[in-house]
Amino acid sequence: ANYIMFNMRKYERSVLCQFRMGILLLRIETGRYVGEPVEQRHCRLCNHSSIEDETHVLFECTLYNTIRQSQYQELFAEHNNETLNYRLVHIMLNYPRKLAKCLTQIIMLRRGTIYR
């Protein structure tokens, strides 16, 4: 993975690596710690009844709409007619720096919302 050689902040690289490896502290991961069935690991931060996984956080969760629509709208505008998984892979492969910055903002907002 060549993204580890990019000039980016240590925290951004860490968040991107966690996201790519599926170990970012989302409910899809944390629910596993307590034996919660996958189908019950719903996002508690929006009104969707979706499982909180990487595609939900990046494309669907309404909590992060402002982040997606402000600095990163070009990131999410491409390939709208494709599946979310295709779009996820496309963004990870073609825009790793922007994705890292976007994910960092998402994680900060997430923490601020959960732990306030």
Side-chain angles (χ1 to χ4, degrees):
N2 61 354
Y3 67 91
I4 57 176
M5 302 301 285
F6 287 157
N7 182 22
M8 60 175 93
R9 293 187 170 118
K10 182 179 178 182
Y11 184 71
E12 290 172 351
R13 185 176 295 109
S14 174
V15 168
L16 182 60
C17 288
Q18 290 174 53
F19 184 80
R20 288 180 60 110
M21 295 184 340
I23 60 170
L24 198 60
L25 294 179
L26 306 176
R27 295 256 349 262
I28 191 69
E29 175 69 7
T30 59
R32 180 173 70 81
Y33 305 158
V34 295
E36 185 177 50
V38 172
E39 60 275 359
Q40 293 178 8
R41 300 178 197 173
H42 297 282
C43 180
R44 295 178 178 159
L45 302 173
C46 71
N47 294 331
H48 287 137
S49 59
S50 300
I51 294 170
E52 187 186 42
D53 61 7
E54 289 78 10
T55 56
H56 173 74
V57 167
L58 201 57
F59 297 107
E60 299 173 331
C61 187
T62 56
L63 179 65
Y64 314 118
N65 279 347
T66 304
I67 293 171
R68 283 191 294 269
Q69 293 167 359
S70 59
Q71 302 105 309
Y72 303 101
Q73 69 187 67
E74 78 281 355
L75 201 63
F76 298 100
E78 291 185 38
H79 303 284
N80 277 334
N81 57 338
E82 299 290 344
T83 65
L84 293 182
N85 285 333
Y86 177 90
R87 292 172 66 198
L88 175 64
V89 171
H90 175 76
I91 290 170
M92 284 194 298
L93 291 176
N94 296 295
Y95 305 101
R97 281 191 186 109
K98 283 185 181 181
L99 177 59
K101 289 184 181 304
C102 180
L103 288 171
T104 300
Q105 290 181 7
I106 285 173
I107 294 305
M108 294 300 180
L109 178 56
R110 176 184 168 73
R111 285 182 182 157
T113 303
I114 292 174
Y115 299 116
R116 65 176 139 156

Hey, which of R13, E12, R9, M8 is the one that makes side chain to side chain contact (heavy atoms under 4.5 Å, CB included) with T104?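 That would be E12.
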
Side-chain ion pair, R27 and E36, N-O less than 4.0 Å: yes

Carboxylate-amine/guanidinium contact E74 K98, below 4.0 Å: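 Salt bridge between E74 and K98, a charged N being under 4.0 Å from a carboxylate O: yes.
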
Atom [atom1] of [X] and atom [atom2] of [Y]: how far apart are they, to the nearest 0.5 Å?
X	Y	atom1	atom2	answer
L26	E54	CG	CD	5.5 Å
L103	M108	CG	CE	11.5 Å
I106	R111	CD1	CZ	13.0 Å
L16	Y11	CG	OH	12.0 Å
L99	L58	CG	CG	6.0 Å
L45	T62	CG	OG1	8.5 Å

Decide whether [X] and [Y] are clustered together by the hydrophobic rule: side chain heavy atoms of Ile, Leu, Val, Met, Phe, Trp, Tyr closer than 4.5 Å, transitively.
X	Y	answer
I28	I114	yes
V15	Y115	yes
L109	L25	no
L75	Y86	no

State, with a plain yes or no, whether a side-chain heavy atom of [X] is found less than 4.5 Å away from one of [Y].
X	Y	result
I107	L24	yes
Y95	E78	yes
K101	Y72	yes
F76	C102	yes

Taking only residues at least two apart or on different chains, which pairs with a member in residues 38-52 satisfy side chain to side chain donor-acceptor pair (under 3.5 Å)? E52-R110

Check step by step if side-chain contact (heavy atoms from CB on, under 4.5 Å) holds for R20 and M92. CA-CA 8 Å; R20 288 180 60 110; M92 284 194 298; 3.7 Å; yes

Would N85 and T83 count as having a side-chain donor-acceptor pair, cut-off 3.5 Å? no

Does S70 reach the main-chain N or O of T66 with its side chain, forming a donor-acceptor pair under 3.5 Å?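 Yes, because the side chain of S70 sits within donor-acceptor range (under 3.5 Å) of the backbone of T66.
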
Locate the shortest heavy-atom distance separating L88 from F19; write the atom from each residue and the value. CD1-CE2, 3.5 Å

Residue pair N80 / A77: nearest heavy atoms and the distance that separates them: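 Nearest heavy atoms, N80 then A77: ND2-O, 3.2 Å.
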
Quick one: salt bridge (charged side-chain N to carboxylate O under 4.0 Å, His left out) partners of R32, sequence neighbours excluded?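 Result, salt bridge (charged side-chain N to carboxylate O under 4.0 Å, His left out) vs R32: E29.
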
